[in-house]
Structure formats: structure tokens, C-alpha cells
Amino acid sequence: MSYSPNMKMGKILANKNAKAVLLKYVPQLLEPTEFPIMFVKLNTLEQLISRLPESLRTTDIVEKLYSELAALEELEEETGYVSPASNYESESVILGSARVYSKNSVEKWAAFEVELHGPHHGNPFIDVTLEAEFYFNGKKRYKTLGFYDGEGIYRIRFMPDIEGSWTFQTTSNARSLAGIEGKFTCVSPSKENHGPVRVKNTFHFSYEDGTPYVPVGTTCYAWVHQEEKLIQQTLNTLQASPFNKIRMCVFPKSYQFNSNEPLYYPFEGSLEEGWDFTRFNPKFFQHLEQRITDLGNLGIEADLILYHAYDRWGFAEMKQVEDDRYLRYLTARLSAYRNLWWSLANEYDLMWAKEIEDWERFAQIITENDPHHHLISIHNCWGFYDYSRPWITHCSVQRIDVYKTSENTDDWRKQWNKPIVIDECAYEGDIDQGWGNISGEEMVRRFWEGAVRGGYVGHGETYLHPEDILWWSKGGQLHGDSPKRIGFLRRIMEEGPEEGLNPLETTWDAPSAGIPDLFYLYYYGFNRPSFREYRMKPGIQYKVEVIDTWEMTINELEDVYEGKFRIELPGKQYMAVRMTKI
């Protein structure tokens with residue numbers, strides 16, 4: 001197959017000969033612009049040519065360009081697949097002879113770990129296979145992948161979900177790691193351990209023990225890739241914040257306000273000399289695990305983004321076999337952490353090198369190798385993914401309208417019949433981009449709109465900083481007005497119906513949520529009524545509270561209300577009214 005005008009630029013630029021032809025005839029295509037190179041790679045050659053001035057794309061130039069490209073043969077991509085060694089250890093090695101370390105007991109929903117000290121010749125990352133099966137009272141069975149952690153150390157992790165006696169047995173193509181058996185006791189969970197988060201009542205969430213969970217999220221894409229001092233400052237900020245979920249990337253990020261190199265890289269090698277995608281860097285993943293553990297200690301869910309397009313290292317353009325190996329390794333390492341959510345991608349549709357069939361394959365790898373079935377989704381930029389796919393547990397969405405965001409929540413609920421998590425509704429800040437300069441008032445309004453329409457909205461902050469330490473990417477400190485008001489909303493939501501806030505069709509000009517005849521929450525947003533009249537079912541009495549969502553005050557009215565009645569309001573924006581049956 002030869003190169004053609006309708007081929008994505010990313011594929012053309014990956015071939016040095018094709019790139020040389022572009023530079024020869026249309027060098028303007030590769031000149032730096034205000035947009036990242038990923039936007040160039042997403043377009044076809046024909047699309048980009050059409051945007052050049054006519055003087056730079058004459059018929060003669062275009063015909064010569066297309067003709068010379070067509071003469072080039074598209075290179076067949078090597079798969080890079082390496083089979084595990086069939087004889088990694090000789091017959092003289094005693095079966096199950098590796099040294100084994102594990103605890104005698106672990107609390108329910110905590111990570112139980114088996115540490116094995118075994119062989120390390122060759123490349124254990126690809127030469128050795130390791131799995132374990134876990135049994136509860138000899139009956140319930142889970143299969144988990146093990147992984148190589150460097151320096152001759154292998155690990156197997158598992159999160160028991162039933163109290164009592166468990167046993168395990170390993171299988172491996174390395175004789176010293178095969179046939180190892182062990183046992184442990186799963187004891188009662190500690191007070192703050194409620195298990196992993198699950199979907200509940202179709203549109204909402206709870207921990208596995210049934211404790212309600214109201215996700216109040218924030219975004220810090222690359223906080224784990226910063227220097228240790230900044231990481232600790234981020235954790236301290238989170239501890240004092242209302243947020244109980246954070247979106248964060250596995251891979252480092254390269255974008256506006258993000259030009260620094262990460263602390264560690266996920267693979268051996270370097271950007272200059274190339275990466276060895278067959279050899280993971282254990283320090284990178286150990287560091288990531290520590291940050292997930294830190295978040296768990298704060299009661300915060302790690303919504304882990306596995307891919308993104310903001311990349312200058314090549315991690316967004318790995319080959320199929322490299323992607324698949326990375327996902328299996330990551331799942332083996334992390335699936336035993338209870339405070340984990342999988343997000344296949346941030347803005348999946350910006351990644352030129354991945355197609356829908358790739359994302360579907362990635363989802364299959366994760367779900368098949370995560371025995372604990374963590375929540376999983378994928379996040380969009382321009383167009384929504386098909387959230388009706390059975391593997392998707394909840395909808396992780398970004399606005400697709402410049403202004404309307406959470407106003408669409410109730411429609412999305414009807415469309416997909418799954419929890420709606422608006423992980424990006426724009427960010428409070430003052431940068432030059434429209435997605436990053438809304439006010440604190442507008443951020444809080446979007447949170448309330450989403451909440452009373454039955455969804456969950458996520459926070460982010462992008463205030464300019466002399467050292468480019470913007471919370472949305474690097475963490476650090478929060479400077480905006482919205483976080484404490486979001487915390488106030490979290491309190492309101494947690495005080496609401498245990499089944500969660502579901503939208504009601506009670507008025508035409510303001511959203512509301514609740515349970516008919518029992519509980520109502522009305523939100524008036526940027527409108528500012530000086531009073532409202534309500535017509536409720538006769539014979540039911542209500543306590544009425546007027547809530548100022550910005551000033552964070554709750555004024556409980558003295559009267560008892562029934563049937564048709566009027567409530568006086570202050571004629572200002574961002575007011576809410578809560579009614580509770582007496």
C-alpha cells in the first residue's frame with residue numbers, strides 16, 4: 001500500500017521518506033503553530049493542504065507531492081511480539097523453589113501481596129509468565145496476573161472481598177515460581193475502609209459495603225510527575241479540600257504550561273536514544289503506586305487515565321503489542337488497590353494512532369485481567385464515545401458545547417442509562433483559553449446544575465502562576481473561589497436521599513431533584529427571583545429552607561408549609577430551596 005492524500009498525517013510523518021517529501025513540497029505544513037503537533041497528526045494530508053494559501057498549493061506542487069508520495073511503499077509495521085520463553089529455567093531447577101514472603105492476614109478490601117524472589121536472567125518482563133489462583137474455602141476462585149518488579153522480585157496482588165480463610169497457588173513458565181501454595185486470613189475492614197466504589201441505583205454510586213459515595217472530583221493530570229516537594233504540597237491541599245476523586249495520568253504530559261520532564265519514565269531508555277518498550281521501569285510504577293496509596297489514605301479515589309494525546313515521548317503512539325503489554329502490566333500491578341477507577345483515555349478522539357477497535361481491545365484487556373471489576377470509562381473531546389458499550393460502567397464526559405455543559409445531564413441519563421460524571425465542565429481560572437477561564441461562580445453553578453439534574457460534575461483550576469504551577473496539571477495549591485462552595489454542595493448532596501439526587505419535572509424554568517412528596521431541591525442558578533409560588537399535594541407538610549449556594553448559608557423558615565404557598569427569596573443569583581416532608 002502506498003501513501004495517499006486521505007491518510008492521517010501522523011502515519012505519514014512516522015516515515016522519514018514520506019516526511020522528506022512533505023518538507024520538499026509543502027514545508028509550511030510542518031512549521032510550528034500555536035497548536036500541538038497532535039492536532040496536525042489527526043488531520044489527513046488533503047485536509048491540511050486545503051488550508052494553505054493558494055500560492056503555496058498550486059496544481060503543479062500538489063500533483064508532484066501526491067505523485068512522489070504515491071511512489072513510496074507504506075512500510076509494514078513490525079508487530080514487536082515476543083513469545084514467553086518455553087524453557088526459561090532448566091529441568092534441574094526445583095519446582096516452587098523461589099523464596100516467598102506474604103502476610104498471614106489482611107483486612108477485607110486491602111491489597112494482599114505475595115513477594116517472590118526468583119530468576120532474573122534474560123528479560124523477565126517478557127520471558128516470564130506468572131499467575132495465581134485464589135480460593136475462598138476452596139470454592140470461590142479468582143485468577144490474577146503477577147508481574148516482575150525488578151532485581152529478581154516478582155509480585156502477585158489480590159484484594160479479598162470475603163472475611164475468612166483464603167488459599168492461593170501460582171502457575172508460571174519459570175519452574176522456581178510455579179506451584180507455590182500459601183494461605184492467609186481476611187479479617188474485618190478498618191473503620192474507614194468501605195471497599196471499592198460501585199454503581200448503585202443505575203445513576204449513582206456507593207462503596208461495596210453499601211455506604212453512599214458522592215463523587216466530588218478534581219483534575220490534576222500530571223501531579224505525580226512533579227518534584228517531591230510539590231507532590232507533598234498537592235497531597236496537603238487535597239487533604240484540606242472537599243474532593244474525594246482525582247483524575248490523573250499514568251504517562252507524563254506535554255502541553256501548554258507543561259514543559260518539564262517527569263521524575264521517572266515508564267520504560268527503560270531515553271527520548272534521545274529511544275525507549276525499550278519490552279522493559280518497564282519499576283521505579284516509575286512504584287512511585288505511581290505510592291501516590292495511589294497516599295490518595296487512599298486520604299479517602300480519595302484515583303481516576304487513572306491510561307492514555308492521552310499530550311505527548312512528546314512516543315507513549316501515545318506505541319505499537320499494538322506494546323500497548324497490550326503495558327495494559328496487562330498495569331492491571332497486574334494496580335487492580336488490587338480499592339481506590340482505583342480505570343479511564344482508558346483523556347480525550348480519546350485526539351489520539352490519531354488509536355481507532356475504536358483499539359479502545360475496545362484495551363477495554364477487554366483491562367476487564368479480563370482485573371478480577372475486582374473496578375469502575376471503567378473513557379473520556380471524549382469533540383464527540384462522545386458510545387457509552388452504551390457493556391464494559392463502560394459510567395459516562396466520563398466533557399462538554400461538547402462551548403457554553404452548555406451540565407444542563408444536558410438529564411438528557412444524557414436518558415440516553416445512556418448510566419451514571420453521568422462530567423469530568424470536564426471547563427476550569428476556574430484566567431488563562432487565555434476559553435476552557436480555562438470561567439469564574440468561581442460559574443464553576444459552582446455548573447456543579448449545582450449537574451447535581452439537581454442527577455449527575456456529578458468535576459472541578460479543575462487554571463490560574464496563571466509565575467512558575468507555571470497550574471493545579472489542573474501540576475497540583476500545588478488551590479487559589480480559586482469554588483472549592484469550599486463545592487464542599488458545601490457535597491454536604492447538601494450527602495444530606496439528600498440515600499438513593500441519590502434524581503431529576504424531577506416539577507417546573508419548566510428551573511431544575512429540581514428529589515423524591516415526590518418527600519424531598520425537593522430547587523435550584524435557580526443565574527436567575528434571581530424575589531419569590532416563588534409552589535403547589536404541592538394537599539395534606540403533606542414541609543420544612544422549607546432557603547439556601548444561598550455562594551454564601552453557603554441555610555435559612556430554615558419558621559412556618560410549616562402545605563399545599564399552595566409562597567416563599568420569599570432575596571432576588572439574587574445562585575439560590576436554592578430545599579423542602580423536606582415533616
Side-chain angles (χ1 to χ4, degrees), residues 101 110-118 120 123-132 144-159 220-228 231 234-235 246-253 261-271 275-297 301-308 311 313-316 318 321-346 362 365-366 369-372 374 376:
Y101 302 89
F112 172 76
E113 181 175 281
V114 182
E115 181 180 305
L116 307 167
H117 290 229
H120 53 85
N123 182 357
F125 292 110
I126 58 174
D127 290 339
V128 177
T129 63
L130 177 63
E131 294 180 349
T144 65
L145 296 177
F147 62 92
Y148 183 59
D149 203 21
E151 300 181 350
I153 297 176
Y154 299 78
R155 302 185 192 279
I156 301 168
R157 291 177 178 151
F158 176 70
M159 182 181 68
C220 283
Y221 288 125
W223 75 279
V224 301
H225 302 295
Q226 311 309 313
E227 61 182 19
E228 190 64 28
I231 287 173
T234 303
L235 289 168
I246 185 170
R247 299 180 69 228
M248 52 188 277
C249 298
V250 175
F251 292 129
K253 184 175 182 180
E261 293 297 314
L263 282 174
Y264 306 102
Y265 298 99
F267 303 97
E268 298 294 337
S270 66
L271 180 59
W275 305 106
D276 184 350
F277 291 111
T278 70
R279 292 183 180 271
F280 298 100
N281 177 9
K283 286 185 177 180
F284 175 94
F285 293 94
Q286 291 162 5
H287 175 74
L288 176 63
E289 290 162 358
Q290 183 57 56
R291 303 288 78 92
I292 293 173
T293 299
D294 292 339
L295 293 172
N297 292 336
E301 301 291 306
D303 194 352
L304 193 65
I305 297 165
L306 309 188
Y307 289 94
H308 64 81
D311 168 73
W313 300 276
F315 307 140
M318 293 189 294
V321 70
E322 294 161 351
D323 283 325
D324 295 359
R325 186 188 300 121
Y326 154 70
L327 292 172
R328 289 190 179 92
Y329 188 76
L330 197 69
T331 310
R333 293 199 71 119
L334 300 182
S335 61
Y337 290 90
R338 67 177 175 270
N339 64 312
L340 181 73
W341 300 23
W342 302 114
S343 177
L344 289 193
N346 179 59
F362 295 168
I365 291 172
I366 294 292
N369 293 289
D370 173 9
H372 310 298
H374 291 288
I376 181 170

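Counted by atom type alone, N346 and Y221 present one or more donor-acceptor pairs between their side chains at under 3.5 Å.
A donor-acceptor contact shorter than 3.5 Å is absent between the side chain of H308 and the backbone of A316. Judged by distance alone, the side chain of N369 and the main-chain N or O of I365 form a donor-acceptor pair under 3.5 Å. With hydrogens and angles ignored, the 3.5 Å screen pairs a side-chain donor or acceptor of H287 with a backbone N or O of V224. No donor-acceptor pair under 3.5 Å is formed between the side chain of R338 and the backbone N or O of G296. Remark: side-chain polar atoms of Q226 are paired, donor with acceptor, to backbone N or O of A222 under 3.5 angstrom.
Using bins of under 30°, 30° to 60° and over 60° for the plane-to-plane angle, the ring pair F280/Y329 lands in the parallel bin. In this pair, F315 and F277 present their aromatic rings perpendicular. The plane angle is above 60°, beyond the 30 to 60° band. Using bins of under 30°, 30° to 60° and over 60° for the plane-to-plane angle, the ring pair F158/H372 lands in the tilted bin.
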Item to check | Worked verdict on F147 versus F285 for side-chain contact (heavy atoms from CB on, under 4.5 Å) | outcome: CA-CA 11 Å; F147 62 92; F285 293 94; over 6 Å; no
Item to check | Verdict with reasoning, Y265 to L271, per side-chain contact (heavy atoms from CB on, under 4.5 Å) | outcome: CA-CA 10 Å; Y265 298 99; L271 180 59; over 6 Å; no
Item to check | Worked check of side-chain contact (heavy atoms from CB on, under 4.5 Å) between M248 and L304 | outcome: CA-CA 5 Å; M248 52 188 277; L304 193 65; 4.1 Å; yes
Next on the checklist: Evaluate E289 against R157 for salt bridge (charged side-chain N to carboxylate O under 4.0 Å, His left out), listing each step before the verdict.
Outcome noted: CA-CA 12 Å; E289 290 162 358; R157 291 177 178 151; 2.7 Å; yes
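Atom CZ of F125 is separated from atom CG of N281 by 8.0 Å, given to the nearest 0.5 angstrom. To the nearest 0.5 angstrom, N123 atom CG is 3.5 Å from R279 atom CZ. How far OH of Y154 is from CG of L130: 8.0 Å, rounded to the nearest 0.5 Å. Atom CD1 of I366 and atom CH2 of W342 lie 5.0 Å apart (nearest 0.5 Å). For the atom pair CD1 of I231 and CH2 of W223, the computed distance is 6.5 Å after rounding to the nearest 0.5 Å. To the nearest 0.5 angstrom, M159 atom CE is 7.5 Å from D370 atom CG.
Taking H117 as the reference, Y101 meet the ring-ring contact (aromatic ring centres under 6.0 Å, His included) condition, with sequence neighbours excluded. Shown here are the side-chain hydrogen bond (donor to acceptor under 3.5 Å, both in side chains) partners of D303, two or more places apart in sequence or in another chain: K245.
Scanning all heavy atoms of the two residues, the minimum distance from L344 to L306 falls at O-CB, 3.6 Å. Residues P371 and S335 come closest through the heavy atom pair CD-OG, 4.0 Å. Nearest heavy atom pair, residue R325 against residue T278, reads NH1-CA, 3.9 Å.
When side chains are defined from C-beta on, F267 counts as touching M318, because their heavy atoms get closer than 4.5 Å. The shortest side-chain heavy-atom distance between Y307 and L327 falls under the 4.5 Å cut-off. Counting heavy atoms from C-beta outward, L295 and R291 have side chains that stay 4.5 Å or more apart. Between W313 and P262 the shortest side-chain heavy-atom distance falls below 4.5 Å.
Among L288, L145, D149, the single residue meeting the side chain to side chain contact (heavy atoms under 4.5 Å, CB included) criterion with R333 is D149.
Counting non-hydrogen atoms of other residues, nucleotides and ligands closer than 6.0 Å to CD of E228 gives a total above 12.
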